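Written below as structure tokens is the structure these notes are about.
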Amino acid sequence: MSEQETQPESYDVEAVQEKWLPVWDELQPFRADDDSAREKKYALTMFPYPSGDLHMGHAEVTALHDVIARYWWQRGYEVLNPMGWDSFGLPAENAAIRNDEHPATYTYANIETQYESFKRYGISFDWSRRLHTSDPEYYRWTQWLFLKFRERGLAYRKSSPVNWCPNDQTVLANEQVVDGRCERCGAEVTKRELTQWYFKITEYAEELLSELDRLEPTWPARVVTAQRNWIGRSEGAHVDFAVSGRDEPITVYTTRPDTIFGTTFMVVAVDSALAAELVTDGQRAAFEAYREEIRKETEIERLSTDRPKTGVDLGVTATNPVTGAQIPVWATDYVLADYGTGAVMGVPGGDQRDWEFATVMGLEIVRTTQTPEGYDGEAYNGEGPAINSPAPGVDAPLDINGLAVADAKRATIDFLEQQGSGQGAVNFRLRDWLLSRQRYWGVPIPIIHCEKDGEVAVPYEQLPLELPELRGADLKPKGVSPLAAASEWVDVECPTCGGPAKRDSDTMDTFVDSSWYFLRYCSPNYTDGPFDVEKAKAWMPADIYVGGVEHAVLHLLYARFFTKVLRDMGMLDVGEPFASQLNQGIVINQGRKMSKSLGNGVSLGEQLAAYGVDAVRLTLVFAGPPEDDIDWADMSPAGSLRFLQRAWRLSGDVTSEPGTAPEGGDVALRRATAHAVHDAAELVESYRFNVMVARVMELVNATRKAIDSGCGPADPAVREAAEAVAIMLSLVAPFTAEEMWERLGHRPTVARAGWPAVDPALLVEESVTAVVQIQGKVRARLEVAPDVSEADLEQLALVDPAVVKAIDGRPVRKVIVRAPKLVNVVV
RNA sequence: GCCCCGGUAGCCCAACGGCAGAGGCGAUGGUCUCAAACACCAUUCAGUGUGGGUUCGAAUCCCACCCGGGGCACCA
């Protein structure tokens with residue numbers, strides 16, 4: 001005990017955490033009131049998947065997110081800050097197979113663990129709105145939405161070559177194939193021809209793209225760019241090439257109709273139905289052999305751009321619509337079956353791929369754009385006048401020679417349209433969203449297949465269509481959904497004719513679940529629809545969405561699509577779900593991503609036990625700009641804790657009474673407080689939280705100095721400063737802030753104390769230091785009034801002895817005055 | 001190959017085109033201590049990746065290059 005007295009005061013981190021959690025539970029300071037008269041703000045953060053306990057990544061994103069949410073509360077807004085779980089998905093299913101149990105066991109146990117951890121971590125979530133996408137009360141409405149989308153023609157089934165993950169034994173959406181590998185497990189993806197459910201996201205391609213312009217100022221540039229690339233709009237033309245012995249022409253899509261005179265062959269995707277149909281009997285054997293060869297290749301081999309071009313002559317010829325020339329038609333794997341029309345006009349002079357193909361196959365090469373002087377490349381696709389269009393001496397119905405690329409394009413399209421052999425067209429890289437999955441732990445697709453009536457929707461009143469009870473070995477991947485084997489569940493009567501029918505046995509991609517959860521939060525217990533339309537209109541769009549950039553084209557694109565459809569259904573009055581967005585970096589260690597194999601993982605639990613919640617949160621927020629990665633090895637949570645103790649100590653030193661008016665207190669400290677509060681607000685609003693923390697540190701230092709060697713602890717300015725510190729700190733370190741607030745004589749909770757008022761007069765300095773430069777070098781400093789005129793400041797500068805000496809009698813050529821801070825004299 | 005973002009002190013990071021330093025970490029010295037830890041006080045260190053340009057003035061704007069990170073990449 002005697003030791004204790006000689007030591008500086010400090011608080012017991014553990015005890016303070018235990019002390020305040022039940023108080024906050026009692027006060028419920030972050031319950032969002034739908035009917036509040038305050039202005040509303042919606043703070044959204046990406047909900048987690050329940051795999052194990054929370055880790056450093058969760059700690060970072062929620063700490064950053066909470067700064068904004070708590071700031072809004074302090075500023076007097078009614079804040080909706082909900083949290084839930086994206087609780088369908090493969091890890092639970094794989095765990096269930098391993099442990100011979102039900103996926104729900106793993107899922108809900110982990111949710112409970114994470115819930116408890118979030119609570120201890122002190123994030124200002126409104127837990128009354130908690131949801132789980134695997135609850136029947138939730139997925140009932142996912143099924144409802146699917147059926148509504150289907151009624152609008154936006155959900156449909158088709159047979160098509162699809163991405164197949166041989167490891168997870170399920171199909172994947174395009175967005176889930178990364179570099180030819182399964183986004184989830186890394187296995188090489190193969191192709192399969194399957195009949196699957198799709199959402200018609202392409203119907204919204206144009207709007208999904210154009211609205212990005214409006215989002216650009218408030219969304220991270222990399223997300224906007226990624227979505228633009230993914231949607232991939234291009235302008236060009238469809239051109240028809242007549243084929244001998246076939247009624248229908250081959251239609252190609254090209255972005256360079258102006259190069260049509262250089263079309264010396266045609267290429268069709270080898271895996272397209274068109275190629276199989278066009279091939280002549282004489283070439284059929286060669287074609288089928290080639291096709292077999294290509295089918296054996298993996299996506300990774302196929303996507304490699306530097307391998308030689310291959311193909312096979314289909315034996316037919318087509319007619320170039322502008323030259324009338326007969327050109328050969330080939331099949332190849334470098335043309336994609338599912339982009340454009342699956343057929344391309346081969347222009348080796350203008351397209352490097354066609355150049356390579358023509359070179360390998362010995363096909364004619366004609367340049368149709370004048371190459372720049374000294375050009376020694378192969379195909380040329382830059383600017384320049386059209387040539388050989390037509391070639392000298394050739395008589396053609398169209399002549400575009402000499403036209404620049406843009407004009408030549410337009411002239412060609414005009415001609416083709418007049419002639420009825422083509423038209424201008426827009427194409428998108430975006431494909432429809434494949435949503436079926438051949439796995440168990442997801443939302444059952446509410447469709448019944450009847451031999452007589454075909455696809456029949458499960459009647460709305462029968463929703464939710466719940467999953468049958470399957471566990472352990474029943475869930476093993478077999479290439480078809482585990483649901484297909486649950487005959488009691490699958491075999492049903494057709495709702496239309498009453499005859500024998502089968503349920504669709506696939507489940508939905510879990511990205512469907514997460515495409516609308518932010519709407520459910522607005523009325524999580526609503527039973528008459530997926531969400532209460534009026535409440536969604538009141539809260540939406542989310543004012544901020546904080547989360548990882550890995551969802552740049554997955555979740556964020558799907559959620560935008562759902563929002564637009566729901567708007568068109570009259571259920572929302574916004575077409576974009578997220579007004580602004582913040583992507584946090586990741587937490588790494590020793591320059592590398594944390595991983596088991598590297599053994600450099602940092603346990604959140606251990607860090608919290610060692611330094612406490614506030615110090616860990618502060619460290620994450622203070623580390624740097626939120627978008628930057630944090631190398632935990634470079635961080636000092638111990639230093640954060642020291643700072644928090646220092647701040648807390650201020651609250652014990654204040655001797656004035658609570659409620660003491662700050663007016664009349666030490667002016668220097670009052671100015672420091674005003675500046676800190678003013679700057680902190682601006683910094684939070686521009687997501688520069690690390691700088692905001694630095695401002696608070698500055699104020700703590702200034703207050704310490706004032707107490708020890710300045711105006712002393714009784715000065716009202718000291719109380720004002722300490723209270724401002726507590727309130728600002730409440731955004732980052734809620735436990736410490738609460739403890740300070742109590743020691744300052746206030747009742748909980750500091751989280752709702754309100755942002756400190758700033759007297760604008762205190763932000764105006766009495767005098768400022770003006771710098772006088774000669775030739776850009778500082779030669780003198782002057783104390784001047786902040787509103788000094790330019791002329792006065794120039795006069796003051798030019799008579800200053802140091803300036804006079806520096807000028808040394810040389811003629812002054814020019815004087816630049818930036819009142820009140822700077823004068824630069826040029827001699 | 002193309003497109004973004006970044007490069008400031010030993011380290012993490014600040015700096016409306018205007019004195020290169022707000023804050024933190026570390027290090028060193030001091031106060032306190034028998035000594036140490038803690039705490040407090042003080043000090044230390046770069047001319048902003050490289051080379052040009054614009055400007056009275058450039059870390060900041062422009063060009064080229066180097067390094068690091070990310071995205072896209074047979075989409076016709």
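Predicted, not measured: the structure shown is a model, and the values here were computed from it.
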Problem set entry | Closest to the A/K705 side chain, choosing from B/A76, B/A42, B/G24 | B/A42
Problem set entry | Salt bridge flag under 4.0 Å for residues A/R233 and A/E235 | yes
For this session: List in chain and number order the residues that pass ring pair (Phe, Tyr, Trp, His ring centres under 6.0 Å) with A/F643, two or more places apart in sequence or in another chain; answer none if no residue qualifies.
Result: none
Side chains of residues 215-226 of chain A: which donor-acceptor pairs under 3.5 Å do they make with residues two or more places apart or in other chains?
unit_1: A/E216; atom_1: OE1; unit_2: A/R228; atom_2: NH2; d: 3.1
unit_1: A/E216; atom_1: OE2; unit_2: A/R228; atom_2: NH1; d: 3.3
unit_1: A/T218; atom_1: OG1; unit_2: A/L215; atom_2: O; d: 3.4
unit_1: A/T218; atom_1: OG1; unit_2: A/A579; atom_2: O; d: 2.8
unit_1: A/W219; atom_1: NE1; unit_2: A/F578; atom_2: O; d: 2.9
unit_1: A/T225; atom_1: OG1; unit_2: A/A221; atom_2: O; d: 2.7

Exercise. For A/K409 and B/A76, what is the distance between atoms NZ and C1' respectively, to the nearest whole Å?
Worked result: 12 Å
Exercise. In chain order, what residues pass the ring pair (Phe, Tyr, Trp, His ring centres under 6.0 Å) check against A/F241, with sequence neighbours excluded?
Worked result: none
Are there any protein N/O atoms within less than 3.5 Å of an N/O atom in nucleotides 11-16 of chain B, and if so, which ones and at what distance?
unit_1: B/C12; atom_1: O2'; unit_2: A/A623; atom_2: O; d: 3.0
unit_1: B/C13; atom_1: O3'; unit_2: A/N690; atom_2: ND2; d: 3.4
unit_1: B/A14; atom_1: OP1; unit_2: A/N690; atom_2: ND2; d: 3.2
unit_1: B/A15; atom_1: OP1; unit_2: A/R688; atom_2: NH2; d: 2.1

For nucleotides 53-57 of chain B, tabulate all protein N/O to nucleotide N/O atom pairs closer than 3.5 Å, reporting atom names and distance.
unit_1: B/C56; atom_1: OP1; unit_2: A/K814; atom_2: NZ; d: 3.4
unit_1: B/C56; atom_1: O2; unit_2: A/N824; atom_2: ND2; d: 2.3

Exercise. Nearest nucleotide by nearest heavy atom, which residue falls closer to the 5' end of RNA chain B, A/F428 or A/A226?
Worked result: A/A226
Seminar exercise, completed: Residues at least two apart in sequence or cross-chain that pass ring pair (Phe, Tyr, Trp, His ring centres under 6.0 Å) with A/Y687, listed by chain then number, are none
For this session: Sort and list the pairs that fulfil side chain to side chain donor-acceptor pair (under 3.5 Å) and have at least one residue in residues 620-631 of chain A, not counting sequence neighbours.
Result: none
For this session: Could you pull out all residues at least two apart from A/W648 that satisfy ring pair (Phe, Tyr, Trp, His ring centres under 6.0 Å)?
Result: A/Y11
Seminar exercise, completed: Between A/R429 and A/F643, the residue closer to the 5' end of RNA chain B by nearest nucleotide is A/F643
For this session: Not counting sequence neighbours, which residues clear side-chain contact (heavy atoms from CB on, under 4.5 Å) with A/V812? List them please.
Result: A/I807, A/V815, A/V825, A/V827
Exercise. If you measure from the P atom in B/G21 to the same atom in B/G10, how many Å do you get, rounded?
Worked result: 16 Å
